[in-house]
Amino acid sequence: MREILDFFRKRIYEHIIKPIVFSVSPVNEAALGMAIGVFIGLTPTVGIQMWIVFLIWLFSRYILKLRFDLIIGTAVVWISNPFTMFFMYYGFLITGLSVFSFLGFEGIELNYSAFSHQLSQITNNPENSLWEVAVSGFKFLLIDLGLPMLIGSFFYAVPFAIASYFITRILLLQYRTAKAQKMGMDYDTWKQKYERQHIVLPKYSKNVKTKNAKNPIDIHEL
């Protein structure tokens, strides 16, 4: 039992605490990365969750012009891991089926033992590559079990994502403020020195000198 607790303690540090503590992103971007990671981690997208976060990052970064910490987002999806996914996904399914039943739709009958056995055969088969696990898991969770699994996951993903944003924002701000005080400076000074900043450079013009240029261009870092 102690070994299991030590395992989870180390993984929680590596996948949740460490990415946040060592992040140099602004507080809002770190908190948003946490929220997106939690949301995707609480959806039945086994095997492709990090790729989904990465695609969301690309879309947000280059289409929406909205930033979030990619490292935090991809690390946090670990909350859906081989030790927790069976309970989580079964909970998603039961919740989704309950919603369907409430709305008057007929659902499938599947107990936890059968669900766990079928999913473990997919994830623990040594002959399956990572891609085969992802494809088989996707088929089982979203095609064989259908829409109830996905609908049920939203009842957990949405509130936990929202809560994780505000909790991360508050705790990280407190942590960085305390860290700044230990270094003998206020938070604004610490932020200017250590947080990743958006570099703004003046727009070059033939008729205007660089230092007096107007209409600065926001140069975003990756």
Side-chain angles (χ1 to χ4, degrees), residues 8-85 88-89 92 123 129-131 133-135 137-138 141-142 150 153-154 156-177 179-180 187-188 190-201 216-222:
F8 275 100
R9 189 179 299 111
K10 291 178 180 179
R11 292 300 181 274
I12 289 173
Y13 174 77
E14 290 292 330
H15 293 274
I16 298 178
I17 298 176
K18 185 176 179 180
I20 296 175
V21 169
F22 287 92
S23 173
V24 295
S25 299
V27 171
N28 287 339
E29 294 180 17
L32 185 57
M34 171 64 75
I36 291 174
V38 168
F39 180 85
I40 299 301
L42 292 176
T43 58
T45 49
V46 59
I48 57 173
Q49 290 172 334
M50 288 193 296
W51 288 106
I52 293 175
V53 173
F54 179 66
L55 292 175
I56 293 174
W57 180 83
L58 288 176
F59 181 78
S60 299
R61 171 71 178 79
Y62 295 105
I63 304 299
L64 301 180
K65 305 300 180 182
L66 177 67
R67 289 170 169 270
F68 68 86
D69 193 308
L70 178 62
I71 295 177
I72 293 177
T74 53
V76 171
V77 296
W78 175 84
I79 58 176
S80 174
N81 60 70
F83 294 95
T84 63
M85 63 185 295
M88 290 170 56
Y89 289 3
F92 298 161
T123 58
S129 65
L130 181 61
W131 175 251
V133 170
V135 172
F138 182 86
L141 295 175
L142 296 184
L150 185 62
S153 71
F154 290 156
Y156 302 91
V158 172
F160 276 99
I162 295 173
S164 67
Y165 173 85
F166 290 104
I167 292 173
T168 301
R169 191 177 185 279
I170 293 171
L171 294 181
L172 184 57
L173 184 59
Q174 292 177 347
Y175 171 78
R176 291 184 177 180
T177 300
K179 189 174 183 179
Y187 174 64
D188 288 335
W190 184 93
K191 180 169 63 174
Q192 291 294 326
K193 189 173 183 179
Y194 294 103
E195 278 189 7
R196 175 171 54 75
Q197 303 294 320
H198 300 311
I199 302 173
V200 178
L201 295 178
I217 302 175
D218 189 4
I219 306 298
H220 296 281
E221 302 166 344
L222 288 176

Q: Nearest heavy-atom pair of T45 and Y89: which atoms, and what distance?
A: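 Distance-wise, the nearest heavy atoms are N-OH, 3.8 Å.
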Q: Side chains of residues 158-176: which donor-acceptor partners sit under 3.5 Å, not counting sequence neighbours?
A:
unit_1, atom_1, unit_2, atom_2, d
S164, OG, F160, O, 3.2
S164, OG, A161, O, 2.7
T168, OG1, S164, O, 2.7
R169, NE, N28, OD1, 2.6
R176, NH1, S25, O, 2.7
R176, NH1, E195, OE2, 2.7
R176, NH2, S23, O, 2.9
R176, NH2, S25, O, 2.9

Q: Can you see which heavy atom on T74 is nearest to which on V77, and at what distance?
A: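 Scanning both residues, the minimum pair turns out to be O-CG2, 3.0 Å.
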Q: Measure the CH2-CG distance between W57 and D69 for me, rounded to the nearest 0.5 Å.
A: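 Rounded to the nearest 0.5 Å, the CH2-CG separation comes out at 10.5 Å.
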Q: Show, in sequence, the C-alpha distance, side-chain angles and deciding distance for I12 and W78, and conclude whether the side chain to side chain contact (heavy atoms under 4.5 Å, CB included) test is met.
A: CA-CA 9 Å; I12 289 173; W78 175 84; 4.2 Å; yes
Q: Test side chain to side chain contact (heavy atoms under 4.5 Å, CB included) on V76 and I20 and set out the steps.
A: CA-CA 10 Å; V76 171; I20 296 175; 5.9 Å; no
Q: Surrounding CD1 of I52 (heavy atoms of other residues, nucleotides or ligands, distance under 6.0 Å), is the total greater than 12?
A: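 Counting neighbours around CD1 of I52, more than 12 heavy atoms of other residues, nucleotides or ligands fall under 6.0 Å, so yes.
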Q: Heavy-atom distance under 4.5 Å between the side chains of P26 and R196, does that happen here?
A: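 Yes; the side chains approach each other to less than 4.5 Å.
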Q: Pair M34, I16 - check side chain to side chain contact (heavy atoms under 4.5 Å, CB included), show working.
A: CA-CA 8 Å; M34 171 64 75; I16 298 178; 4.0 Å; yes
Q: Check this for me: M50, atom CE, are more than 12 non-hydrogen atoms of other residues, nucleotides or ligands nearer than 6.0 Å?
A: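 Count not over threshold, so no.
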Q: Mark yes or no for whether T84, through its side chain, and I79, through its backbone, hold a donor-acceptor pair below 3.5 Å.
A: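 Yes; at least one donor-acceptor contact below 3.5 Å.
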Q: On a heavy-atom basis, which atom in Q49 and which in G41 lie closest, and how many Å separate them?
A: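 Smallest heavy-atom distance, with atoms named: NE2-O, 3.7 Å.
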Q: With rounding to the nearest 0.5 Å, note down the distance linking CG in L42 to CZ in F92.
A: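 Between atom CG of L42 and atom CZ of F92 there are 5.0 Å.
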Q: Report the distance from atom CZ of R61 to atom CG of L64, rounding to the nearest 0.5 Å.
A: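 The CZ atom of R61 sits 11.5 Å away from the CG atom of L64.
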Q: With distance as the sole test, does S153 use its side chain to make a donor-acceptor pair with the main-chain N or O of L150 at under 3.5 Å?
A: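 Checked: pair present.
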Q: One pair to check against side chain to side chain contact (heavy atoms under 4.5 Å, CB included): I56 and F68. What are the steps and the verdict?
A: CA-CA 10 Å; I56 293 174; F68 68 86; 4.0 Å; yes
Q: Ignoring hydrogens and geometry, is there a side-chain-to-backbone donor-acceptor pair from T43 to I40 under 3.5 Å?
A: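 Yes, because the side chain of T43 sits within donor-acceptor range (under 3.5 Å) of the backbone of I40.
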Q: If you look only at pairs with a residue in residues 23-55, which of them pass as a ring-ring contact (aromatic ring centres under 6.0 Å, His included), with sequence neighbours excluded?
A: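 Listed by first then second residue: nothing to list.
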